[in-house]
Amino acid sequence: MDSALSDPHNGSAEAGSPANGTTRPPSTPEGIALAYGSLLLMALLPIFFGALRSVRCARGKNASDMPETITSRDAARFPIIASCTLLGLYLFFKIFSQEYINLLLSMYFFVLGILALSHTISPFMNKFFPANFPNRQYQLLFTQGSGENKEEIINYEFDTKDLVCLGLSSVVGVWYLLRKHWIANNLFGLAFSLNGVELLHLNNVSTGCILLGGLFIYDVFWVFGTNVMVTVARSFEAPIKLVFPQDLLEKGLEADNFAMLGLGDIVIPGIFIALLLRFDISLKKNTHTYFYTSFAAYIFGLGLTIFIMHIFKHAQPALLYLVPACIGFPVLVALAKGEVTEMFSYEESNPKDPAAATESKEGTEASTSKGLEKKEK
């Protein structure tokens with residue numbers, strides 16, 4: 001049976017077999033189609049809604065929702081950091097007991113999952129609270145130093161509604177911790193993916209190309225060059241992948257023959273697609289051409305990954321197909337429309353960096369002044 005296996009940074013596909021060595025009965029074609037179709041749909045949801053929320057996040061002033069901006073230097077270093085992390089996990093699983101490592105990871109992702117899921121459902125839950133709900137504002141603030149040298153470490157604003165969402169998310173967290181059920185895993189996985197697409201912002205298209213290109217090489221090397229990625233993916237018990245049972249039609253919710261997709265194959269292309277949506281909005285043409293083009297490219301790339309995996313029954317680095325599609329399709333559209341210069345000159349400043357924000361503001365004012373001068377002439 002084919003199962004898409006993933007590691008902490010990306011997903012791959014390979015022929016899977018039960019951990020106890022027994023042979024599973026083959027899944028039906030209907031079950032396989034349902035599993036892969038569901039994975040594709042689940043991958044699209046956090047990209048689409050995360051991209052929309054990233055626009056609001058970029059415009060927001062709430063310190064707790066400020067995006068983390070990825071620069072070209074960050075993008076260049078990321079594949080190296082990812083490789084070191086992957087190799088480190090591989091060595092840990094080889095040296096130490098897998099049971100204890102996964103116990104620590106479960107507790108870690110239990111906390112992260114609750115916070116991520118709470119942040120994800122908060123906008124939806126706000127619609128269900130009555131108008132007279134006693135909502136109070138809170139702020140969690142940690143600083144370092146004093147006087148002029150005071151530096152904020154944590155500045156998180158929340159309210160009573162957020163606490164209710166946190167309580168509901170904790171129920172899912174306990175469910176995952178006790179049962180490791182695939183539905184609870186997917187709820188956390190979707191929350192991680194949506195938060196990643198929403199809160200991780202590339203500062204320009206060139207940075208996105210550097211990041212995707214570097215991880216393209218990383219993905220191909222660790223899947224085709226070694227067994228490290230597959231070993232870690234099999235050993236790593238944490239909600240860093242979306243799963244869907246291929247034998248759901250036969251066994252129902254207790255099915256256990258899973259197809260898998262790593263969250264990295266959602267978040268990494270997703271933050272590039274979200275950047276193109278914000279670029280679309282910056283053009284002020286009331287069209288989302290580049291967003292829809294890259295979104296369609298993602299569907300094509302992931303569909304091709306699943307097809308190749310199913311045909312060859314071998315691990316496939318998904319970014320091998322996703323990167324050329326997600327970069328190539330929008331660039332071709334930009335060439336056809338004569339907007340390549342505008343695409344690669346589009347820049348987003350880091351809202352957490354006052355100097356960058358000031359520089360961006362001054363650049364905007366300078367551009368406005370030039371425009372007015374030309375208009376007067």
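In this chain, numbering begins with 1 at the start of the sequence shown.
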Determine the minimum heavy-atom distance between [X] and [Y], stating which atoms define it.
| X | Y | answer |
| --- | --- | --- |
| Phe279 | Glu342 | CE1-O, 3.4 Å |
| Pro269 | Gly264 | CD-O, 3.6 Å |
| Pro245 | Ala255 | CB-CB, 3.3 Å |
| Pro239 | Phe192 | O-CD1, 3.5 Å |
| Pro123 | His119 | CD-O, 3.6 Å |
| Ile121 | Ser169 | CD1-OG, 3.9 Å |

When you measure from the side chain of [X] to the backbone N and O of [Y], does any donor-acceptor pair fall under 3.5 Å?
| X | Y | answer |
| --- | --- | --- |
| Asn149 | Ser146 | no |
| Thr160 | Asn135 | no |
| Asn102 | Glu237 | yes |
| Ser345 | Thr341 | yes |
| Asn195 | Ala116 | yes |
| Ser235 | Val232 | no |
| Thr28 | Gly31 | yes |
| Thr85 | Ile81 | yes |
| Arg53 | Leu199 | no |

Ring-face cation of Lys180 near Tyr176 (centre distance under 6.0 Å, axis angle within 45°):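 Yes, a cation-pi geometry.
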
Audit row: Asp159, Arg136, salt bridge (Lys or Arg N to Asp or Glu O under 4.0 Å) steps and yes/no: CA-CA 5 Å; Asp159 54 30; Arg136 294 184 177 181; over 6 Å; no

[X] versus [Y]: any side-chain heavy-atom pair under 4.5 Å?
| X | Y | value |
| --- | --- | --- |
| Leu283 | Tyr290 | yes |
| Val340 | Met343 | no |
| Leu320 | Phe216 | yes |
| Tyr218 | Pro317 | no |
| Tyr346 | Arg278 | yes |
| Met125 | Leu168 | yes |
| Phe244 | Leu34 | yes |
| Lys337 | Thr289 | yes |

Could you state the interatomic distance from [atom1] ([X]) to [atom2] ([Y]), rounded to the nearest 0.5 Å?
| X | Y | atom1 | atom2 | result |
| --- | --- | --- | --- | --- |
| Leu194 | Leu45 | CG | CG | 9.0 Å |
| Tyr90 | Trp222 | OH | CH2 | 9.5 Å |
| Ile268 | Cys326 | CD1 | SG | 11.5 Å |
| Phe110 | Leu178 | CZ | CG | 8.5 Å |
| Phe92 | Tyr100 | CZ | OH | 16.0 Å |
| Phe48 | Leu277 | CZ | CG | 8.5 Å |

Verdict with supporting geometry, Thr207 and Thr71, side chain to side chain contact (heavy atoms under 4.5 Å, CB included): CA-CA 6 Å; Thr207 298; Thr71 65; 5.6 Å; no

Aromatic ring pairing Trp182/Phe258, orientation class (parallel under 30°, perpendicular over 60°, tilted between):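 The rings of Trp182 and Phe258 sit tilted, inter-plane angle from 30° to 60°.
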
Parallel, tilted or perpendicular: rings of Tyr292 and His288 (30°, 60°):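 Judged by the thresholds at 30° and 60°, the geometry between His288 and Tyr292 is tilted.
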
Ring centers of Phe329, Phe300 separated by less than 6.0 Å: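 Yes, the ring of Phe329 comes within the 6.0 Å limit of the ring of Phe300, centre to centre.
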
Linked, directly or transitively: [X] and [Y] (ILVMFWY side chains, under 4.5 Å):
| X | Y | answer |
| --- | --- | --- |
| Leu52 | Phe124 | no |
| Leu104 | Phe188 | no |
| Phe307 | Tyr36 | yes |
| Leu115 | Phe109 | yes |
| Leu117 | Val197 | no |

Do [X] and [Y] get their side chains close enough for a donor-acceptor pair, meaning under 3.5 Å?
| X | Y | result |
| --- | --- | --- |
| Asn204 | Glu347 | yes |
| Ser122 | Asp162 | yes |
| Asp280 | Thr287 | no |

Intermediate values then yes/no, side chain to side chain contact (heavy atoms under 4.5 Å, CB included), Glu198 and Arg56: CA-CA 9 Å; Glu198 176 188 359; Arg56 185 198 64 186; 3.5 Å; yes

Residue pair Leu211, Leu202: steps toward the side chain to side chain contact (heavy atoms under 4.5 Å, CB included) verdict: CA-CA 9 Å; Leu211 178 65; Leu202 296 164; 3.9 Å; yes

Within 6.0 Å of CZ in Phe344, more than 12 heavy atoms from elsewhere: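 Counting neighbours around CZ of Phe344, more than 12 heavy atoms of other residues, nucleotides or ligands fall under 6.0 Å, so yes.
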
Within 6.0 angstrom of Phe133 CZ, more than 12 heavy atoms from elsewhere: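 Above 12, so yes.
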
Side chain to side chain contact (heavy atoms under 4.5 Å, CB included) between Ile281 and Phe291, worked out: CA-CA 10 Å; Ile281 294 173; Phe291 171 66; over 6 Å; no

